[in-house]
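Here the structure comes first, spelled out in C-alpha cells, and everything after it is commentary.
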Amino acid sequence: MTSIRVNTLSAVVVALTVIGSLTSMPGRAVAHTSVHIRVNQVGYVVGAPKRAFLMSETDLTGRPFNVLDAAGASVFEADIAESTGAWSSVWRKTHLADFSAFDQPGTYRIAFDGDTFSPTFRIGSARELYQEPLADAVWFFGAQRDGPDVDSAKLNRQPSHLADAEAFVYRTPRFRGGQVTRPLRKVGGPVDVSGGWLDAGDYLKFLSQSSFVEILMLLGLRDHQASFQAPSDLDAEARFGLDWLDKMWEGDTRTLYIQVGIAHVNDRLLGDHDLWRLPQRDDRLDVQPGDRKYFVKYRPVFRAGAPDAPLSPNLAGRVAAAFALCAQVYRVSDPARADAC
C-alpha cells in the first residue's frame, strides 16, 4: 500500500520497547563536545547484555572507558571496541562499549577520558526497571482511543469519529506530489471500523501498526506475567485493540481493511493532515459530498486488497499472529473470545 501515506505509531513502539537517549559532557553545550555517549536510560537487566555507544569525530578503538558507581568510584573498566560505522556526517565513528560482564545492581554512569559522562542509569531486575515505562505505555494507548469508548480522565478525551461506524470503502488512491491523481471512488460499505487507536501525531488508524502493538501487548500477557506486575488496564487495552482488529477483517467477503482516513487529498478536498483540531470536532462538521472537509468527517476506508485476493504476507502474518496470540492468552479466562480469534 505504498500509495497510501502511512505514518508510524512511533510513540507506541518507543513506549513498549523503551530505548536509550543522547548524552553529553556535563557543563558543555552539545555543539562543542567531541564525544557523546548513548545509554539505555531505562536501565539494564541483571544477566542481560549491557552496552553503551560512544559517538565521536575520531577513532577511539582500544581506549578505556569506566563504569562509575553513585559515589564516583570506578567499578568496571574495559576497552572500547572498533567503530561500527558513522552515526552522521559529524559523528563519523560509533563505538561499542560493552560492560555485560558487570552485573551488580545499582545506579551508575559511563565515563570516558575523565570529562565525558553519560546520564545515570540503573542495573536491576526487569520488574524494577520496566514497571513504570510499561504503565506509561498502557496509559498512552488509553489516551489514543478512538470511537465511543474513550476515557475522559485521560487528556479529557471525548468520543470521536463516530461516523466510522458506517464508513464507506474506497479504491486505493494514487498520489503524485502529495496529491490524489484521480477522484476517490467508492467501492463498498458501509462498514463499522469505529474504535481502535489513533495514530501517533494524527487521527488516522492503521492496521499494520495496530496489529504490531497488539502482538506486543498479548506477548506481555502471555509470556511475562511472572516478570512484570502487569498494569490492571493492560488486559482491557489489549481487548480494545482486538475488537478493532476484528472489524478490519470481513470474513464473508474475505476482505482485509488496512486504513481508516486519509492524510491529504488535494488542494480542493482536505484530509487529516491539513487541519489542527481536537478529534471530537470532526463529528460536529456539517458537510455534504464535495465539501472541502467531507473526508475529514466521513473518513474513507481502504483495503489491503480486493475481496478474496492474495494479501501481503507480512501484513497477513502480522494480523494472524495477533489473533493466534489472542486464542492462546484467553483460552482459559475467556474461551468465547479465544474461539472467535
Side-chain angles (χ1 to χ4, degrees), residues 7-18 42 130-167 191-222 224-225 228-248 257 259-261 272-273 275-285 296-299 301 322-323 325-326 329-330 333-334 336-337 340-341:
N7 295 334
T8 59
L9 241 139
S10 54
V12 168
V13 176
V14 170
L16 284 174
T17 60
V18 187
V42 173
Y130 283 92
Q131 197 62 46
E132 183 177 351
L134 177 60
D136 289 344
V138 175
W139 187 96
F140 172 83
F141 286 110
Q144 291 295 109
R145 285 190 178 195
D146 195 31
D149 185 16
V150 299
D151 184 353
S152 61
K154 297 176 179 177
L155 304 181
N156 193 31
R157 287 299 319 282
Q158 303 299 317
S160 54
H161 301 121
L162 302 182
D164 286 354
E166 294 184 333
V191 293
D192 181 3
V193 291
S194 60
W197 296 299
L198 301 172
D199 189 52
D202 58 52
Y203 303 148
L204 306 183
K205 296 184 292 194
F206 298 111
L207 180 70
S208 54
Q209 291 92 319
S210 295
S211 58
F212 179 75
V213 166
E214 189 65 41
I215 289 170
L216 293 178
M217 288 186 174
L218 293 172
L219 281 173
L221 289 170
R222 189 192 72 176
H224 300 291
Q225 291 281 20
F228 300 103
Q229 181 180 350
S232 58
D233 49 355
L234 175 57
D235 177 75
E237 212 56 48
R239 290 172 180 267
F240 178 84
L242 284 167
D243 288 342
W244 188 73
L245 290 186
D246 188 48
K247 292 179 178 181
M248 297 297 279
Y257 302 113
Q259 179 173 325
V260 179
D272 180 88
H273 291 186
L275 300 168
W276 179 256
R277 77 285 184 201
L278 293 172
Q280 60 266 25
R281 293 189 65 86
D282 293 349
D283 291 305
R284 304 174 193 171
L285 295 172
V296 176
K297 178 175 182 178
Y298 298 105
R299 308 191 313 167
V301 180
F323 286 122
L325 283 166
C326 163
V329 169
Y330 296 111
S333 62
D334 191 347
R337 177 178 284 273
C341 283

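Computed from heavy atoms alone, side chains included, the values below leave out hydrogens, waters and symmetry copies.
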Practice problem: Kindly check if the number of other-residue, nucleotide or ligand heavy atoms within 6.0 Å of CD (Gln158) is above 12? | Solution: yes
Exercise. Evaluate the salt bridge (charged side-chain N to carboxylate O under 4.0 Å, His left out) criterion for residues Asp233 and Arg239: first the C-alpha distance (whole Å), next the side-chain angles of each, then the deciding distance (0.1 Å), finally the verdict.
Key: CA-CA 10 Å; Asp233 49 355; Arg239 290 172 180 267; over 6 Å; no
Self-check item: Backbone N/O of Ser208 and side chain of Ser211: donor-acceptor pair under 3.5 Å
Solution: yes
Quiz item: Between Pro159 and Asp283, what is the shortest heavy-atom contact and its length?
Solution: O-OD2, 4.0 Å
Practice problem: Might you point out which heavy atoms bring Pro279 and Tyr203 nearest each other, and give the distance in Å? | Solution: CD-OH, 3.2 Å
Quiz item: What pairs with Asp149 under salt bridge (charged side-chain N to carboxylate O under 4.0 Å, His left out), at least two apart in sequence or on another chain?
Solution: Arg145
Quiz prompt | Trace of the side-chain contact (heavy atoms from CB on, under 4.5 Å) decision for Trp244 with Asp164 | solution = CA-CA 11 Å; Trp244 188 73; Asp164 286 354; over 6 Å; no
Quiz item: Going through the distances and angles, do Tyr330 and Asp235 end up as a side-chain contact (heavy atoms from CB on, under 4.5 Å)?
Solution: CA-CA 10 Å; Tyr330 296 111; Asp235 177 75; 2.8 Å; yes
Quiz item: What are the two closest non-hydrogen atoms of Val138 and Lys154, and how far apart are they?
Solution: O-NZ, 4.5 Å
Quiz item: Counting only N and O atoms by type, is there a donor-acceptor contact under 3.5 Å from the side chain of Arg157 to the main-chain atoms of Ala143?
Solution: yes
Practice problem: For Asp202 and His273, indicate whether the former's side chain and the latter's backbone hold a donor-acceptor pair under 3.5 Å. | Solution: no
Quiz prompt | With sequence neighbours excluded, residues passing salt bridge (charged side-chain N to carboxylate O under 4.0 Å, His left out) with Asp243 | solution = Arg337
Exercise. Give the minimum heavy-atom separation between Val296 and Arg277, together with the two atoms involved.
Key: CG1-NH2, 3.8 Å
Practice problem: Look only at the side chain of Gln280 and the backbone of Ser160, and say whether a donor-acceptor pair between them is shorter than 3.5 Å. | Solution: no
Quiz item: Does one side chain, of Trp197 or Glu237, offer a donor that lies under 3.5 Å from an acceptor on the other?
Solution: yes
Exercise. Measure across Phe240 and Asp146 and return the closest heavy-atom pair with its distance rounded to 0.1 Å.
Key: CZ-O, 3.6 Å
Please list every donor-acceptor pair under 3.5 Å in which a side-chain atom of residues 212-222 meets a protein atom from a residue at least two apart or in another chain.
unit_1: Glu214; atom_1: OE1; unit_2: Leu242; atom_2: N; d: 3.4
unit_1: Arg222; atom_1: NH1; unit_2: Gln328; atom_2: OE1; d: 2.6

Quiz prompt | Atom of Met248, atom of Val260 and distance for their closest heavy-atom approach | solution = CE-CG2, 4.2 Å
Practice problem: Measure the CZ-CG distance between Phe323 and Asp246 for me, rounded to the nearest 0.5 Å. | Solution: 5.0 Å
Quiz item: If only atom types and distance count, is the side chain of Lys205 paired as donor or acceptor with the main-chain N or O of Gly195 below 3.5 Å?
Solution: yes
Practice problem: Apply salt bridge (charged side-chain N to carboxylate O under 4.0 Å, His left out) to Asp192 and list each qualifying residue two or more places apart in sequence or on a separate chain. | Solution: Lys247
Quiz prompt | Residues that Ala167 engages under side chain to side chain contact (heavy atoms under 4.5 Å, CB included), provided they are two or more places apart | solution = Val193, Val301
Quiz item: Out of curiosity, Trp139 CH2 to Leu155 CG, how far, rounded to the nearest 0.5 Å?
Solution: 4.0 Å
Quiz item: Taking only residues two or more places apart in sequence or in another chain, which ones pass side-chain hydrogen bond (donor to acceptor under 3.5 Å, both in side chains) with Tyr257?
Solution: Glu250
